Amino acid sequence: MSGQSVSQSSAGIRGGPQFPPEEAVLGCRNVTKTFGAITAVDDVSLAIDEGEWVSIVGPNGAGKTTLLNVLNGFYDPDTGGEIFLNGENVTSDPSYKRARKGLGRTFQGLELFEEEDVLENVMTVRAVKERPNLLSALLFYVAGGRKVEVENMRRVEEILDYLELWEYRHSTIGSLPLGIQRRVDLARSLALEPDVLLLDEAMSGLTFDEKYDMVRFLADLHEKEGMTMVMIEHDLEVVTDVSERMVVLDQGAIIARGRPEAVVDDPEVQRIYTGVE
Ligand SMILES: Nc1ncnc2c1ncn2[C@@H]1O[C@H](COP(=O)(O)OP(=O)(O)OP(=O)(O)O)[C@@H](O)[C@H]1O
């Protein structure tokens with residue numbers, strides 16, 4: 001990759017992407033998403049480099065979740081917008097295909113099966129990875145299904161162990177505190193073995209200790225596994241502590257981007273956060 005991404009863009013804090021989005025691990029060009037009269041995302045172009053940790057911040061309703069939904073294929077962008085994953089144009093790929101091509105995602109509103117236990121929740125995702133359609137499902141059962149299942153279980157056990165979830169493996173999701181549920185959501189996204197992880201407010205509603213744990217696991221994934229992370233987060237202290245780059249959205253558009261220490265001091269960014277001119 002370009003190797004320039006963590007340095008400040010020569011175009012400054014309000015410049016565009018630092019290298020072409022089609023060369024990015026995850027990128028987009030001219031992405032707009034409207035819902036009727038509402039422009040949720042307004043002409044956004046981004047290029048995320050391999051191994052980077054980028055945070056997307058902005059006030060409520062700024063378009064952060066919508067942008068993530070367009071990046072992972074839950075929403076199509078309006079005509080003309082393009083999405084790139086590992087250098088490939090994936091704009092017409094549905095989300096499950098992007099997931100199989102390496103795009104993982106956690107959810108602000110946790111989409112776990114409440115009645116099932118931790119192991120079942122993570123195994124389900126693993127099974128989807130192996131059996132995307134009827135033909136592959138048939139092949140799975142006819143040839144080598146058992147072997148794949150054993151391998152799946154081994155991988156899931158590894159992930160649960162890594163995220164210190166092993167002791168909860170037989171607990172139903174509904175019986176667990178939010179901090180553990182969010183960690184199970186992270187485990188599910190890791191079960192797809194992503195290259196890039198999209199984290200939608202993975203720390204929302206957590207206590208100080210739970211947040212600390214989540215940051216510890218994410219930092220580990222980033223530092224030891226070299227995971228590329230794109231994180232929506234409201235807590236600017238966490239953002240400046242962990243991320244290498246920050247992108248600020250306001251009313252759907254990028255108003256600033258760059259190193260967090262520089263971006264948080266920007267008067268325009270301070271204005272949208274504090275309302276002070
Ligand atoms: N499915 C939808 N239909 C209509 N409007 C939508 C839809 N999804 C989002 N919006 C609108 O798009 C705008 C951006 O919403 P979005 O949820 O992306 O913002 P956000 O920055 O993630 O906000 P928050 O921090 O509160 O989660 C808002 O005005 C929202 O009401």
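Counting starts at 1 for both ligands and their atoms, following the listed order. Here the structure is a predicted model, which is why all the values come from computation and not from measurement. The analysis underlying the following values was restricted to heavy atoms, covering all of them including side chains, and did not include hydrogens, waters or symmetry mates.
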Ignoring hydrogens and geometry beyond distance, is a side-chain donor-acceptor pair present between [X] and [Y] at under 3.5 Å?
X    : Y    : value
Q18  : R257 : no
T34  : D78  : yes
R29  : N89  : no
H222 : E52  : no
T32  : D43  : no

* To do: Decide yes or no on ring pair (Phe, Tyr, Trp, His ring centres under 6.0 Å) for Y212 and F217, but give the supporting numbers first.
  => CA-CA 9 Å; Y212 178 86; F217 290 118; 9.9 Å; no

* **atom 30 (C) of ligand 1 protein-contacted (non-hydrogen atom, under 4.0 angstrom)** => no

How far is [atom] from its nearest protein heavy atom, and which residue and atom is that?
atom                    : answer
atom 7 (C) of ligand 1  : F35 CE1, 3.4 Å
atom 17 (O) of ligand 1 : T65 CB, 4.0 Å
atom 26 (O) of ligand 1 : N60 OD1, 3.3 Å
atom 15 (O) of ligand 1 : T66 OG1, 3.8 Å

Should you measure from each heavy atom of [X], which atoms of ligand 1 turn up under 4.0 Å away?
X    : value
Y75  : 1 (N)
A62  : 19 (O), 20 (P), 21 (O)
H234 : 25 (O)
P59  : 21 (O)

* Mind checking whether G58 has an N or O less than 3.5 Å away from an N or O of ligand 1? -> no

* Does I38, backbone or side chain, put an N or O under 3.5 Å from an N or O of ligand 1? -> no

* To do: Give a yes or no on whether E261 atom CD has more than 12 heavy-atom contacts from other residues, nucleotides or ligands under 6.0 Å away.
  => yes

